[in-house]
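Notes follow the structure.
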There are 2 protein chains.
Amino acid sequence: MDNRERILETALELFYARGYDAVGVQEIAEKSGVTKPTLYYYFKSKYGLLEELLTSRGEPFLEELHRACVYRGDLKETLCAAARVVADFARKEPKFSILFVAQYYSARESEVYQAVRPLVFRLQKEIEGVFNAAADDLGNMHGRQLQFSLGFIGLVILYLIMKHETEEIKGLDISEQEIEALVHQFMHGIYS
Amino acid sequence: MDNRERILETALELFYARGYDAVGVQEIAEKSGVTKPTLYYYFKSKYGLLEELLTSRGEPFLEELHRACVYRGDLKETLCAAARVVADFARKEPKFSILFVAQYYSARESEVYQAVRPLVFRLQKEIEGVFNAAADDLGNMHGRQLQFSLGFIGLVILYLIMKHETEEIKGLDISEQEIEALVHQFMHGIYS
DNA sequence: TTCATTGTATACCGAACGGTATAAACTGTC
DNA sequence: GACAGTTTATACCGTTCGGTATACAATGAA
């Protein structure tokens, strides 16, 4: 692993544990085994480092998600596919996933939220697209697509956090059964 | 309003908008119309100020919630009562509510999460208590109380954020119908 | 009046912050 | 070997950070 990648990895580790603002550039450089000017050789600023981190990890995720969100006439199947992408990504990149959620819910005027905005926007548009397509088939859904999509995203995120809370980071592992149960609960409630 | 209260109010405003770490003590003092030593006369540190802010606003909420979470044989009714307390509080203290959520999801080793932990713990215990009591009546729920309570908290929080996202801060106003619809969705899914 | 308590202001502290100027070492190409 | 471009280290910049020493008003009780 080259220096650039090692810096990104270290930054992820520290931002995940203590948050962007609480971590100094100095510490990131030291823990990466380089000095500060080296860090600034690769990234134009601390904020630039954060942006790079988000896009480098977020882009592959959004591409996979885009492929999963093509509606093929079965809402449950499509939602499961989307949730599966999230689950896969959470397994591969647990710390990034949790960091993303933290920034998703952070103060609107903070730097971290500004940085994560573009990713959040695209994520929401993907899920909205699913419900919009489904609303053509299922009339009773019409007009509530935004509510449902935000609700679905929140529910999946929530499940991630729950897992993270109870099983610690190494086990951010969501099984196929869990995915189906989650989507089923979203669609039919906790009773059935 | 005395200086102490004005400092708390200013801190809430700034923490809500930009986050705890990004706001300096200097700025809080200036915007409160006092100087730094005055701030340190009332609060022993910046972190102490945050703690005071959280407990002063959080305590009344938790007391109300405790009263609402007494299980009287009807799960839906009890969940509605709990959600109603959250909704009322969100209407009265919108910025605090959103700040609370942000800290709820923030990095585990950060100061802000450490500060909000006791409140989070008590909140979770209240809701868990409801599902535990209900599990005695409804056997099929047994063993899934933790999952349901975290799910319920997340769903309500989610709704708050959704409102905040779409209507901006002044309108963090959740109607009785919305509360019932939310609980109903939680219990029976989005179809019914 | 005296006295302690509460509350406020001026001015300052050392440390850490994000960021950079400068130059030396390394790398591959010709 | 000469050279250009890349990569690193030393040492420093100004600014802001959280926090405080000191002193001075204001207040109410004795």
Side-chain angles (χ1 to χ4, degrees), chain A residues 1-56 99 102-103 106-107 109-117, chain B residues 1-56 99 102-103 106-107 109-117:
Chain A
M1 190 160 50
D2 63 353
N3 280 338
R4 192 190 136 91
E5 196 55 35
R6 195 154 48 233
I7 292 169
L8 283 171
E9 200 54 37
T10 308
L12 171 57
E13 203 105 359
L14 292 172
F15 292 164
Y16 157 78
R18 303 213 309 277
Y20 173 80
D21 287 303
V23 176
V25 184
Q26 188 79 270
E27 189 182 356
I28 298 172
E30 275 171 15
K31 291 231 164 78
S32 307
V34 300
T35 53
K36 256 199 303 182
T38 305
L39 188 150
Y40 280 94
Y41 173 79
Y42 289 112
F43 310 98
K44 72 176 200 293
S45 65
K46 186 190 179 188
Y47 186 75
L49 168 57
L50 177 63
E51 282 183 319
E52 265 297 299
L53 179 61
L54 290 175
T55 55
S56 71
L99 177 67
Q103 302 203 359
S106 67
E109 291 171 31
S110 68
E111 282 187 306
V112 286
Y113 186 73
Q114 300 301 327
V116 89
R117 255 181 84 103
Chain B
M1 190 160 50
D2 63 354
N3 280 338
R4 190 190 138 91
E5 196 55 34
R6 196 155 47 232
I7 292 168
L8 283 171
E9 200 53 38
T10 308
L12 171 57
E13 203 106 359
L14 291 172
F15 292 165
Y16 157 77
R18 303 214 309 276
Y20 172 80
D21 286 303
V23 176
V25 184
Q26 188 80 269
E27 189 182 356
I28 298 173
E30 276 171 15
K31 291 230 165 79
S32 308
V34 300
T35 54
K36 256 202 301 184
T38 305
L39 189 151
Y40 279 94
Y41 173 78
Y42 290 109
F43 309 99
K44 72 175 201 296
S45 65
K46 185 189 179 188
Y47 186 75
L49 168 57
L50 177 64
E51 281 184 319
E52 265 298 299
L53 180 61
L54 291 175
T55 55
S56 71
L99 176 67
Q103 301 203 358
S106 66
E109 291 171 31
S110 68
E111 281 188 304
V112 286
Y113 186 73
Q114 301 300 328
V116 90
R117 256 182 84 103

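Chain letters run A, B, ... following the sequence lines, proteins first, then strands; residues in each count from 1.
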- prompt: C:dG18, D:dG19, C:dT8: which one has an atom nearest the side-chain heavy atoms of B:Tyr41?
  reply: C:dT8
message: Mind checking if B:Phe43 touches a base, just sugar-phosphate, or nothing, with heavy atoms under 4.0 Å?
response: nothing
task: Measure from the side-chain N and O atoms of A:Tyr20 to the backbone N and O of A:Tyr47, and report whether any donor-acceptor pair falls under 3.5 Å.
output: yes
message: So if I take every side-chain heavy atom of A:Tyr40 and compare against D:dG18, C:dA9, C:dG19, which nucleotide ends up nearest?
response: C:dG19
- prompt: B:Glu111 has an atom CD; how far is it from atom C1' of D:dG18, in whole Å?
  reply: 11 Å
task: Using the closest heavy atom to pick a nucleotide of DNA chain D for each, name whichever of A:Gln26 or B:Pro37 lands nearer the 5' end.
output: A:Gln26
- line: Of C:dG18, C:dG7, D:dT7, the nucleotide closest to the side chain of B:Tyr42 is C:dG7
message: How many whole angstroms separate atom CD of B:Glu27 from atom P of D:dT15?
response: 18 Å
query: Got a salt bridge between A:Glu111 and A:Lys46, using NZ or NE/NH1/NH2 to carboxylate O under 4.0 Å?
result: no
message: In this structure, how many angstroms lie between the P atom of D:dG18 and the CG atom of B:Leu49, rounded?
response: 11 Å
task: For the pair A:Arg4 and A:Glu52, find out whether any cationic side-chain nitrogen is under 4.0 Å from an anionic carboxylate oxygen.
output: yes
message: Which nucleotide wins on minimum distance to the side chain of B:Asn3, given the candidates D:dA9, C:dG7, C:dA9?
response: C:dG7
task: Check whether any side-chain N or O of B:Ser45 sits under 4.0 Å from OP1 or OP2 of D:dG18, and answer yes or no.
output: no
message: In this structure, how many angstroms lie between the P atom of D:dT16 and the CG atom of B:Asp21, rounded?
response: 18 Å
message: Output the rounded distance in Å from NZ (B:Lys44) to C1' (D:dG18).
response: 14 Å
query: Rounded to whole angstrom units, what separation is found between the NZ atom of B:Lys36 and the C1' atom of C:dT10?
result: 12 Å
- request: Would you kindly give the CD1-to-P distance between B:Ile28 and D:dT16, to the nearest whole Å?
  value: 16 Å
query: Could a donor-acceptor pair under 3.5 angstrom be found where the side chain of B:Lys46 meets the base of D:dG19?
result: no
message: Does D:dA9 have its OP1 or OP2 closer than 4.0 Å to a side-chain nitrogen or oxygen of A:Thr35?
response: yes
message: When you measure from the side chain of B:Arg18 to the backbone of A:Glu109, do you find a donor-acceptor pair of N or O atoms at a distance under 3.5 Å?
response: no
message: Please give me the minimum heavy-atom distance between A:Ala11 and A:Leu49, naming the atom from each residue.
response: CB-CD2, 4.0 Å
statement: Rounded to whole Å, the CG-P distance (B:Leu14 to D:dC17) equals 12 Å
